There are 2 protein chains.
Amino acid sequence: MASSTVENYLKHLLLAEEGAAGGLVPMGALAGALAVVPGTVTTMVKALADDGLVEHRPRHGVRLTAEGRRVALNVLRKHRLVETFLVKVLKMDWAEVHVEAEQLEHALSDNVLDRLDALLGRPETDPHGDPIPSAQGRLSAEVHATLASCATGRPLRVVRVTEQSKEFLHFVDASGLAPGATVRVTERNLAAGLVTVKKSAGRPLALSLTAAGKILVAPARG
Amino acid sequence: MASSTVENYLKHLLLAEEGAAGGLVPMGALAGALAVVPGTVTTMVKALADDGLVEHRPRHGVRLTAEGRRVALNVLRKHRLVETFLVKVLKMDWAEVHVEAEQLEHALSDNVLDRLDALLGRPETDPHGDPIPSAQGRLSAEVHATLASCATGRPLRVVRVTEQSKEFLHFVDASGLAPGATVRVTERNLAAGLVTVKKSAGRPLALSLTAAGKILVAPARG
DNA sequence: CAAGGTATTTTGATAGCTCAAAATGAGTTT
DNA sequence: AAACTCATTTTGAGCTATCAAAATACCTTG
Ligand SMILES: [Mn+2]
Ligand SMILES: [Mn+2]
Ligand SMILES: [Mn+2]
Ligand SMILES: [Mn+2]
């Protein structure tokens, strides 16, 4: 069995590979994500490579092997299903569940996981709209526009929020921009770095481009 | 935060203190419970003593301090509530939940714990009849007779099974002796080491004294 | 191409937890 | 009392995961 440390390395690697040039993740990026110093990552990555979980291209980066990806997807599945359970069944605040899941993802057996999945009705996304990998290790790779990149004027449905900090999630929720919400982008000012959105009922709301880029949307009633 | 290792040492110490002479647990007993060699326990116990979690009487044994007991009770509470959740909500086999809880007890926050407790309706015992410590750290110390020690002839209610091995629990369940069941001891043969019990409906069942001693009972309809 | 700057790797240490095997202590037995 | 037995402790070592700081490699810039 992989230790929690190994599971975390693999999971963060999986997350970092999305949108990394050639899927190769630089050591520094992984170090940042895991909050350890780069030297530690170099050492660990060599050990993971020896175990066949990653491929290490010295001075270029790391990438998951098929086996490493399998393990990583299973951890990610646990993480997101646990988050869903905590919100849906235990009624926890969606801003708090990430830290809890960070521990529980390593303590849940596959057996418990599957029962949890059944109890929740085999959900496809977690409370933040993040896709839940299937038991077979399939992960939806749907690409979405963000409030920073989408067409203006049209009605949109929020489908996902790609940041888990408490502050940001509270803000998003308080602004009525949680997944499922319907909004329109009324104005986008690149120079000022500002996006203005409007919900059917309510006054317009201003967001920075950075914040807007973390809120993924799809055309409403499509 | 105490590591899982420390939590396990403290929890097993709490369990071993019940019925240990003067509450002092011999190092060897703890080593056996934790499945490590005695030398390891000596080393760890010294570290725990430095942290004020246990009191070490060299060459005599260990005992929890008030602080160590507090931590241990919290872990035990998590363990038993998780077991209850797994059986009641996820419908798992009562023989399988112990191993799962052994991991989850270290990954659950106090916050999640309390919500689980509420969801379950603040149960007082787990699926095996083991008392669940309260959030304030109170643990019921009720003393029960066993099928090996109780009066014969009288109707009895099974209240607790004090062993968690899969095999034993499956046997108990298959024999209809799970907590809640009503039985009578029809015969006890000390020489042969045999106890015979009878359920209202069904043929008599023979048990070894050792097995009978693990099934705790109380007078029925008392 | 030499100099700089930055990411990465290497080196040397440490903390936590564990084992094997030798040493020690404290009764018991003879 | 000397010998024996058994639990406990000590010693020496290893593994995993981490850091600080020095060394190195690979750009980029002048
Ligand atoms: Mn984690
Ligand atoms: Mn999530
Ligand atoms: Mn445990
Ligand atoms: Mn139990």
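Just so you know, these numbers come straight off a predicted model, no measurement behind them.
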>> Side chain of A:Thr43 only, heavy atoms from C-beta on: which candidate in D:dA17, D:dT8, C:dT10 is closest?
In response: C:dT10
>> Nearest to the A:Arg59 side chain among C:dA7, C:dG25, D:dA17, which nucleotide is it?
In response: C:dA7
>> Could you check whether A:Lys11 pairs with A:Glu105 (Lys NZ or Arg NE/NH1/NH2 to Asp/Glu carboxylate O, under 4.0 Å)?
In response: yes
>> Expressed as a whole number of angstroms, how long is the span from B:Lys46:NZ to D:dT11:P?
In response: 8 Å
>> Under a 4.0 Å threshold between the charged nitrogen and the carboxylate oxygen, would A:Lys166 count as salt-bridged to A:Asp93?
In response: no
>> Counting only side-chain nitrogens and oxygens, does A:His60 get under 4.0 Å of the OP1 or OP2 atom of C:dT8?
In response: no
> About how many Å separate CG of A:Leu120 and CZ of A:Arg115, when rounded to the nearest 0.5 Å?
Replying inline: 14.0 Å
> Is the phosphate of C:dT9, meaning OP1 or OP2, less than 4.0 Å from a side-chain N or O of A:Thr42?
Replying inline: yes
> Where the side chain of B:Val6 is concerned, which of C:dT18, C:dC17, C:dA26 is the nearest nucleotide?
Replying inline: C:dC17
> Looking at D:dC19, C:dT9, C:dT8, which one has an atom nearest to any side-chain atom of A:Pro58?
Replying inline: C:dT9
>> Below the 4.0 Å mark, does D:dA17 have OP1 or OP2 next to a side-chain nitrogen or oxygen of A:Thr40?
In response: no
>> It should be established whether B:Tyr9 places a side-chain nitrogen or oxygen under 4.0 Å from OP1 or OP2 of nucleotide C:dT18.
In response: yes
> Is the centre of the A:His98 ring less than 6.0 Å from the centre of the A:His128 ring?
Replying inline: no
> Which comes earlier along DNA chain C counting from the 5' end, the contact point of B:Gly39 or that of B:Met44, where each point is its nearest nucleotide?
Replying inline: B:Met44
